[in-house]
Amino acid sequence: MKNGKPLLTAENLCAGYNGTRILENVSFTLHEKEIICIVGISGSGKSTLLKAIMGTFPGTEIYSGDIRLSGVSLPSLPARQLARFTTEHIGMVFQSPGASFNPIRSYRQQFTETLKSHGRYNPETFFAQVDETFGKLGLTDTRRILSLCPYEMSGGMNQRIAIALALLMKQEILLSDEPTSALDATIQLQVAKELKNLPEKSGISQIIVTHNLALARFLADKVYIMREGKLTLAPETGEVVL
């Protein structure tokens, strides 16, 4: 377990959709430079938890409990303020590498627009910052990559580029929804290693949801099991039934 300060805390969180509870009394704390993995089968509530944390997905409802980000209660914020606050501090990488980008617009256009929308674009340092960030993820030839569109890249490359954009946003927390499940085995390992190195290289804390217990054991400082919307801390060793 990391010894850094708490960044994100859920306390007895109950959430779901259209009045139907999916999450039941979920509690956990994410610390600085820590990776938490949440493991469970499809439909167990893993993705619902990420949506509840972000607060920007239509239809996701919080019924009781609290989520605190750097001491601020997220459910208490008005919708516009919530979206601005969470996206300032939290980034997200989706299960499908293509979900992060418009497939027919260049990476440069999309990086520029995203950074501008969050007040993080500086034309004088843009290429240097992207090049440094790409280097952390094993990406080379920055200008060529930025000139391309996502449809011209493999799933593994798109996933790494999506992680790079999250790093450029300088958010403290990265949420990842099955970030390797759509990739082949070799690329899965590459992306997993890159995610594992992010806390020390970039100071980013992470919550990663997955159905893969072996991947979670490799990545995480703490592993939780999600069953029918309830979260429990996994034992450090031994078999776990999902």
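Values below: every heavy atom of this structure, side chains too, minus hydrogens, waters and symmetry copies.
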*salt_bridge(Glu11, Arg68) N-O dist < 4.0 Å*: no
_Check: Met153 and Arg160 side chains under 4.5 Å, non-hydrogen atoms_ = no
*asked:* Can a donor-acceptor pair be found, under 3.5 Å and without considering hydrogens, that links the side chain of Glu61 to the backbone of Gly19?
replied: yes
*Below 4.5 Å, heavy atoms only, C-beta onward: do Leu167 and Leu198 meet side chain to side chain?*
yes
*asked:* Is the shortest side-chain heavy-atom distance between Thr114 and Leu168 below 4.5 Å?
replied: no
_Going by side chain to side chain donor-acceptor pair (under 3.5 Å), name the pairs with one or both residues in residues 37-48, residues two or more places apart or in two chains._
Tyr17-Thr48, Ser47-Asp177
*Taking the six-membered ring for Trp, are Phe111 and Phe101 parallel (under 30°), tilted (30 to 60°) or perpendicular (over 60°)?*
parallel
*Partners of Arg143 by salt bridge (charged side-chain N to carboxylate O under 4.0 Å, His left out), sequence neighbours excluded?*
none
*Hey, is the main chain of Thr9 close enough, under 3.5 Å, to the side chain of Thr29 for a donor-acceptor pair?*
no
*How about Phe28 and Leu49: do any of their side-chain heavy atoms sit closer than 4.5 Å?*
yes
*Output the distance between atom CE (Met54) and atom CE (Met92), rounded to the nearest 0.5 Å.*
7.0 Å
*Can you list every side chain to side chain donor-acceptor pair (under 3.5 Å) pair that touches residues 124-135, not counting sequence neighbours?*
Asp131-Thr142
